[in-house]
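Please read the structure below before turning to the comments.
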Amino acid sequence: MRFSKLYAPTTKDAPKDATLPSHKFLLRGGFIKQSGSGLYSFLPLGKIVLDKIRDIVKQEMDNSGAQEIQMGIVTNAELWKQSGRYDVFGKELCRLKDRKNNEFVLGPTHEEVVVDIVKNIITSYKQLPLHLYQITTKFRDEARPRFGLLRGREFIMKDGYSFHDSEESLKNEFDLMEKTYRKIFVELGLDFRVVDADSGAIGGSGSKEFMVLANNGEDDIVVCDSCKYAANIEAAKRAKKTTDIEPPEADFAKFHTPTPVKDSIKHIAEFFKVDEFYIIKSVIKKAIYKDEEKIISFFIRGCDTLQETKALNACGALELVDASEDEVSQAGFNPGFCGPIGLEDDAEFYIDSELKEEKNLICGANEKNYHFIGVSMFNFKDSRYKDLIQVKADDICPDCKGKLSVTKGIEVGHIFQLGQKYAAAMNAKFLDRNGKAQPFYMGCYGIGVSRLVAVMIEASHDEKGCIWNRQTAPYLLDIIVSNIKDEEQNNFANKLYEKLDKKRVLIDDRKERFGFKMSDFELLGFPYALIVGKSLKDGFVELIDRKTLEKQKLKKDEIFDILQGLLS
Ligand code: ATP
Ligand code: MG
């Protein structure tokens, strides 16, 4: 490709809201152009990278036996009503109407459509398993679209859906997809971990995420330093927390504890001279459901933090928000002095599982300025106990005795075992071996294809720009003609270019200064540049490695063979 013809509008500065390297360099390099909040167009260089990633994903998906299809982005709302997700998906689901008032949604994911595609056509276990996938546009009206392609509203996903006649068959495909995804991310050259995940709004049981380790990741992931255990913080577990600090042994009693509501745990710990481990903390939230709101208290140890996704799963709400002091009081909880002992049977509260059957605890007495001491946790129904706490660095691994640490990751893939949830809701059934009608068992599998374009840069860049690897570079080599007016340089560079693979080689033939071309090369991040400059007179050209920025002086007569070697 001739740079003089290429539409790659590079700029020196990035917009202020572009804080991450990938966001900055993709905009500055003219890989993408923003057209609205969370909306981007791919320009020629960006499109080449996107297609390269797409090709790698497609190749491995095809190898796994999955078949590519393409579903529409505009989806009949009726299907979403059948599955029950029309009302519960929340504001991310963009709902729209046509001129005849028919309702539609812009597909944020395509379980409903794909179930409708096989329903009444796949009717027997003999036609199963089947895996259909697509690589297309999704729309999610994200609350905070940010970081460029990392969290857009419109983005490109590879989403696959498998259908099975049994859990076992589903599990086999799930394992095959884990292997397939591993291959894809290895091929892309990414440093990633496969982690246990929360299943979120899609539902189902058993899901794993593929996380690329990156300082700028939005996800916290918990990893063990001694074994393979790794989990998203939303789903991470730990061995039950213990302490060597002596418990405050006392008979059950009510104690006058005048303390401010704010920071009450710290004050109570000081007041009784006990460790926060032995205090029960109440975290009160307003839970939003489809048709109602509830004020819920979550009880955890004073030294722990409430994990919001776990809390959300515990109460089954659509969203948790902060509750005001008035709302808390009206719901019958005493702000700053709320404890599980003595609450009404119908009170809305959950207790962290690690507190089950624990003794020698201190908690609020549900009365201003009073706490209970010598509290034991024996008299609560099992359904009150849920895993509610956020795992922290230095907690103990649930699988071995290793130490856990917390690191940042970017989610690039997510695989789910959905089970029969969607097929049952949409009445999509097959006849099993015994002639009995059963809903399909389903799995679903996503990869953030457009997000990966940005992830490649987060994983590999320097302060000057992108550093693409061979698998994803838009061009492998940039031949820079140092002085375009110099006939010898121009002729040599052009002859070389004509003999090389034009799909992989760019020739910078623009009438620009050398420094300008070099900084574009550094910003755009092609793996190599060949400088055809002053030393050509003496029979030399210079090869630059973008990663190290090291220069190698090479004989002009040998350069063709060297470049052929690099490009092959
Ligand atoms: P996240 O937790 O990052 O919001 P998600 O769990 O909602 O993602 P999935 O429903 O699992 O996402 O979608 C599959 C893949 O699609 C994700 O692993 C991610 O790589 C990609 N993806 C999801 N949301 C976006 C987005 N807003 N912009 C770009 N890619 C996205
Ligand atoms: Mg996910």
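When a ligand or atom number is given, it counts from 1 through the structure's own listing order.
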Applying side-chain contact (heavy atoms from CB on, under 4.5 Å) to S460 and C466, what does each step give before you reach the verdict?
CA-CA 7 Å; S460 174; C466 316; over 6 Å; no

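- Both tests pass for R95 against the ring of Y86: distance under 6.0 Å to the centre and angle within 45° of the axis.
- Put simply, the side chain of I32 does not reach to within 4.5 Å of the side chain of S41, judged on heavy atoms.
- Proximity of I410 to L150: side-chain heavy atoms (C-beta onward) are separated by under 4.5 Å at one or more points.
- In terms of polar-atom proximity, E209 is not counted as a contact of ligand 1, lacking any N or O under 3.5 Å from an N or O of the ligand.
- Of all atoms in ligand 1, listed by their number and element, those nearer than 4.0 Å to a heavy atom of G152 are 26 (C), 27 (N), 28 (N).
- When the heavy-atom distances from atom 7 (O) of ligand 1 to E411, R140, K138, M211 are ranked, the shortest goes to R140.
- By the 30° and 60° cut-offs, the orientation of the rings of Y40 relative to H23 is perpendicular.
- Relative to the ring axis of Y445, K158 does not place its NZ or CZ within 45° and under 6.0 Å from the centre.
- For ligand 1, one of its N or O atoms has an N or O atom of E142 under 3.5 Å away.
- Sorted by first and then second residue, the pairs that involve residues 146-156 and meet side chain to side chain donor-acceptor pair (under 3.5 Å), not counting sequence neighbours, are D141-R153, E142-R151, R146-E218, R151-E218.
- Counting heavy atoms under 4.0 Å from ligand 1, residue R451 touches it through the side chain alone.
- Of the listed residues (E218, H414, M157, K158), the one carrying the non-hydrogen atom nearest atom 13 (O) of ligand 1 is M157.
- Only the backbone of L149 comes within 4.0 Å of ligand 1, judged by heavy-atom distances.
- Counting heavy atoms under 4.0 Å from ligand 1, residue R153 does not touch it at all.
- Note on ligand 1: T109 sits outside its first shell, no heavy atom being nearer than 4.0 Å.
- Cation-pi geometry between R384 and F349 is met: under 6.0 angstrom from the ring centre, within 45 degrees of the axis.
- Here is the list of ligand 1 atoms found below 4.0 Å of a heavy atom in G413: 18 (O).
- Residue L150 touches ligand 1 through its backbone alone, judged by heavy-atom distances below 4.0 Å.
- Between R151 and ligand 1, at least one pair of N/O atoms sits closer than 3.5 Å.
- The shortest N/O to N/O separation between I447 and ligand 1 does not fall below 3.5 Å.
- By the side-chain contact (heavy atoms from CB on, under 4.5 Å) test, R470 is found to be paired with L476, Y528, residues two or more places apart in sequence or in another chain being considered.
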